[in-house]
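So the structure is just underneath, and the comments pick up after that.
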Amino acid sequence: MAALTKRPVQCGFRPTVCRRRPPGIAPSSDCQGIPAVMHAFRTHTCGQLRRSDVGQTVRLSGWIHRKRDHGNLLFVDLRDHYGLTQCVADVSSDIFPVLEGARVESVITVTGRVIARSEETINPRLPTGDVEIGVDAVTVQSTADVLPLQVAGDQEYPEDLRLTYRFLDLRREQVHRNIVLRSRVITAIRQRMVEQGFLEYQTPILTASSPEGARDFLVPSRLHPGRFYALPQAPQQFKQLLMVSGFDRYFQIAPCFRDEDSRADRSPGEFYQLDFEMSFVTQDDVFNAIEPVLAGVFEEFAEGRAVTPAPFPRIPFDEAMLKYGSDKPDLRNPLIIQDVTPHFQGGGFGLFAKLIDGKGAVVRAIPAPGAADRPRGWYDKLNAWARENGAGGLGYIIFGEDGPKGPIAKNLEADRVEALRGQMDLKAGDAVFFACDKPLAAAKFAGLVRTKVCIELEMLETGVFKFCWTVDFPMFERNEDTGQIEFSHNPFSMPQGGLEALETMDPLDIKAFQYDIVCNGVELSSGAIRNHRPDIMFKAFGIAGYSPEHVEEHFGGMLNAFRYGAPPHGGAAPGIDRIVMLLADEPNIREVIAFPMNGQAQDLMMQAPGGVSAAQLKELHIALDLPKPKPKAQGAGTVTAGGDAG
RNA sequence: GCGGGUGUAGCUCAGUUGGUUAGAGCGCUGGCCUGUCACGCCAGAGGUCGCCGGUUCAAGUCCGGUCACUCGCGCCA
């Protein structure tokens, strides 16, 4: 160790290199070649050294990524955030046994000479592959036990293991890259929002429970026995209040908390939104403000993938449901659904004809270009799939070279079949599937079929980000079970046509200034022009069956704010996690979150949720009323009054 | 809450029609190896086949239940 730190060495950073110096690494001198004491841990990162550095004495710190032990010659790949550098030692060196005895993932500091590799030993796959470090001294900073999962290599591991040892998992290349991407995306979003004239404001994390929406996470109040804070499901009311306060353009990378069950694209508990709101704007102004931000961010990180240029296509909700069978159309899928009810009404295919006349059903047709030569078994398989997904079956017509085929073609009159073929613009060699049900159910099922057929026929466009807006959502809808008229989305959206529409139109025909941003079939965001007029709000809630007293009681805070001069305003809140997920091309949201919870909303590493002490509960005036414990309840998440309060 | 999938060594997986001592790769331990970069070679340790019950002469394999993880539905103004 004597040779290690005391000896002054020449500065490793020449002026040209200094500019690339990562944060936190100070040059060990003023870069004028004046000798200085070497930094305790590193003069360079593990991704930095090049052929031009040959001859310098340098110091690197990092993790032992891999070792190749030839008995009398030892290679160590040293890894840090920035890259890999090969270090080499031979048996004649004092430090050889130290390196040989250090397990992978131990943290070491090496000091040595930068050596040019001979032509045949250059590693072209490594940016630092022209050089290696001849190790003269080594310090073991931290030893590693035998690993529960390997950092080097790309073996897959079960997710609970990865989450339990997330700090190891995050060292691995792909997740590490995803988290860096996330950081860069958020920085790019901030820059672009500021360029658009938005300012970032914070809003409370401890707030009040709101009666609408998802289940809240509650936080008990110590000072107010029996009362609770709630974590915000979104800063919705606060951002509107900021508009009322005159701040004009607000944004925030906002944490949102909702106690709902997880999905592959929905993290349990918490997620982040690019929350923004603007005053004195129309719907078009909102679109014009956010489109360049989203398109710009996606282009910045697209790496060759095409991005829909602004302005994005705007698809009315009704059209989306008809043509794509979804309010979040995946425009990478070229198939377009059409309504073909008239061809079946009163026709020879009795099943559909009866449903149309008897139940008010409609028939939606999903084209399957080029599918005519698929074997019978393919159609049977899709039929079975349809049954698994709750449909009675999946009718189809095959347009073969020798005419229409299949059970429906046998029964439906030839001229009707031909008219249908003409409407759908199908050729010999194509096929078409049908969904027959009440309008909403038929649309949704046709949407499923559209997706399924697209995958089966391998027609999904790849390497693109296809954006669109879904606009003109209905303000109200009828609850199928109760017959009641309800808000279909956000009750605080402005109805199109304002008060007059509410007073004169059939509520089910009223549209809202409510819109979604969709990318590749993923709902990135919903948003709206808000209803800032108490009179219109009372009227809208009245249609949905709520009394003025109810509105006053539950939303009095907002209403009150709107009584002292509120600007017309609107905004949206694209999901950060989903944006990063799309850019990282990951199918699961947990791959772009540094410390996610598992599907049961547990943090396996921190053991949350955990028990708390009886004293803590008493201070909060809380007595537990627990369900009977299951026979074998152990491990993380067990709630006990006397548990691990540490 | 409901439905599908998975569960065999620390990890990834194989395991035939139910039939002798449950295998491979990675990792781990020991030995050999001076130009590798997924280094190589030799040897070794490591298993309640998720758990409980059943059928059977015999169960990793078949049946029932249960638990865990995961995907989906419900839920997500």
Side-chain angles (χ1 to χ4, degrees), chain A residues 65-79 84-93 96 100 103-105 115 117-126 128-129 132 134 144-165 168 210-216 233-234 236-237 256-269 271 385 388-390 444 448 473 475 486-493 512 514 523 526-528 530-531 541 544 554-555 573 575 587-588 590 598-600 602 604 630-637:
Chain A
H65 187 66
R66 270 199 183 92
K67 292 200 302 184
R68 291 173 294 281
D69 187 350
H70 292 234
N72 293 313
L73 182 71
L74 174 62
F75 297 98
V76 170
D77 290 339
L78 197 63
R79 182 196 75 238
L84 273 179
T85 299
Q86 174 166 284
C87 303
V88 60
D90 85 17
V91 72
S92 63
S93 163
F96 188 87
E100 193 174 43
R103 190 174 280 136
V104 289
E105 293 309 311
I115 302 167
R117 296 207 207 176
S118 64
E119 203 56 45
E120 64 279 10
T121 61
I122 284 174
N123 184 347
R125 294 199 304 276
L126 231 49
T128 60
E132 63 194 5
D145 284 346
V146 174
L147 299 165
L149 57 86
Q150 286 154 247
V151 173
D154 52 7
Q155 185 172 311
E156 292 189 22
Y157 293 93
E159 195 161 24
D160 46 353
L161 189 76
R162 292 178 55 200
L163 294 180
T164 303
Y165 298 96
L168 288 178
S210 73
E212 303 288 326
R215 213 173 286 117
D216 284 317
Q233 298 185 20
Q236 180 66 37
Q237 295 196 47
C256 304
F257 306 90
R258 295 178 192 174
D259 186 4
E260 294 297 330
D261 289 344
S262 74
R263 290 288 183 276
D265 64 350
R266 200 167 78 201
S267 185
F271 60 96
W385 166 86
E388 282 167 20
N389 283 276
K444 284 184 177 172
L448 281 182
F473 277 85
M475 186 80 199
E486 300 178 344
F487 289 111
S488 59
H489 290 83
N490 187 332
F492 303 107
S493 300
Q514 162 96 37
E523 181 190 321
S526 64
R530 320 297 172 185
N531 185 347
F541 272 90
H554 288 97
F555 309 109
N588 189 303
R590 294 184 292 277
N598 70 2
Q600 278 66 245
Q602 298 165 309
L604 297 176
K630 288 180 177 173
K632 195 196 121 195
Q634 62 171 38

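What you see is a predicted model; the values in this text were computed from it and never measured. Here is the naming used below: chain letters follow the sequence lines, and residue numbers restart at 1 for every chain.
Distances were taken from every side-chain heavy atom of A:R68 (C-beta onward) to each of B:C11, B:A38, B:U36; the shortest belongs to B:U36. The side chain of A:N123 has B:C37 as its nearest neighbour among B:C37, B:U29, B:G10. Nearest nucleotide to the A:H70 side chain, out of B:U29, B:A38, B:U34: B:U34.
Per the geometry, CD belonging to A:Q86 stands 10 Å off P belonging to B:C37, to the nearest Å. In this entry the distance linking CZ of A:F96 with P of B:G35 reads 12 Å, nearest Å. As rounded to whole Å, 16 Å separates atom P of B:G27 from atom CG of A:L168. Between the CG atom of A:L149 and the C1' atom of B:G27 there is a distance of 11 Å, given to the nearest Å. A:Q150 places its CD atom 7 Å from the P atom of B:C28, with the value rounded to the nearest Å. A:D69 places its CG atom 12 Å from the P atom of B:U29, with the value rounded to the nearest Å. A:I115 has its CD1 atom 16 Å from the C1' atom of B:C37, to the nearest Å. To the nearest angstrom, P of B:C28 lies 13 Å from CD of A:E100.
At the heavy-atom level, A:R66 lies under 4.0 Å from the strands shown only through sugar-phosphate atoms. Among the atoms of the strands shown, base atoms are found under 4.0 Å from some heavy atom of A:Q155. Across all strands shown, A:E132 has heavy atoms under 4.0 Å from base atoms, whether or not it also approaches the sugar-phosphate. Residue A:R162 is classed as having no contact, given no heavy-atom separation below 4.0 Å to the nucleic acid.
Taking atom P on both B:U6 and B:G50, the two are 13 Å apart, rounded to the nearest angstrom. Of the C1' atoms belonging to B:U34 and B:A68, the separation is 50 Å, rounded to the nearest Å. B:G65 and B:A22 are spaced 30 Å apart, taking the P atom of each and rounding to whole Å. Between the P atoms of B:A77 and B:G7, the separation comes to 36 Å (whole Å). Comparing the C1' positions of B:U16 and B:C2 gives a spacing of 36 Å, expressed to the nearest Å. Separating the C1' atom of B:G5 from that of B:U21 is a span of 33 Å, rounded to the nearest Å. B:C67 and B:G31 have their C1' atoms separated by 44 Å, given to the nearest Å. Separation of the C1' atoms belonging to B:G15 and B:G74 is 39 Å when rounded to the nearest angstrom.
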Could you walk me through whether A:E159 and A:R590 pass salt bridge (Lys or Arg N to Asp or Glu O under 4.0 Å), step by step?
CA-CA 10 Å; A:E159 195 161 24; A:R590 294 184 292 277; 2.6 Å; yes
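Under the side-chain contact (heavy atoms from CB on, under 4.5 Å) rule, A:Y157 has a single partner from A:L149, A:L163, A:L168, which is A:L149. Between A:D77 and the choices A:R68, A:K67, A:H65, the side-chain hydrogen bond (donor to acceptor under 3.5 Å, both in side chains) rule is met once, by A:R68.
Across A:L78 and A:C87, no two heavy atoms sit closer than the pair CB-SG, 4.1 Å. The shortest heavy-atom contact between A:A264 and A:P587 is CB-O, 4.0 Å. Here the closest heavy-atom approach between residue A:R66 and residue A:G153 is recorded as NH2-N, 3.4 Å.
Base pairing annotation: B:G35 forms no Watson-Crick or G-U wobble pair, as no partner gives both donor-acceptor distances under 3.5 Å. Base pairing annotation: B:G53 forms a Watson-Crick or G-U wobble pair with B:C63, both donor-acceptor distances under 3.5 Å. With both pairing distances under 3.5 Å, B:G47 is matched to nothing as a Watson-Crick or G-U wobble pair. Pair check for B:G10 finds B:C26; Watson-Crick or G-U wobble, both atom distances under 3.5 Å. Pair assignment for B:C73 gives B:G1, based on Watson-Crick or G-U wobble hydrogen-bonding distances that are each under 3.5 Å. B:U16 is unpaired under the criterion used here, namely a Watson-Crick or G-U wobble arrangement in which both key atom distances are under 3.5 Å.
By the 6.0 Å contact criterion, OH on A:Y165 is open, its count of non-hydrogen atoms from other residues, nucleotides or ligands being 12 or less.
If you find the closest nucleotide of RNA chain B to A:E156 and to A:F75, the one lying nearer the 5' end belongs to A:E156.
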Reading nucleotides 69-77 of chain B from 5' to 3' and marking B where a protein heavy atom lies under 4.0 Å of the base, S where only the sugar-phosphate is that close, and - otherwise, the string is SSSSBBBBB
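Ring geometry for A:F541 versus A:F487: interplanar angle over 60°, hence perpendicular rather than tilted (30 to 60°).
Of the possible donor and acceptor atoms, none in the side chain of A:E105 sits under 3.5 Å from a partner among the backbone N and O of A:L147.
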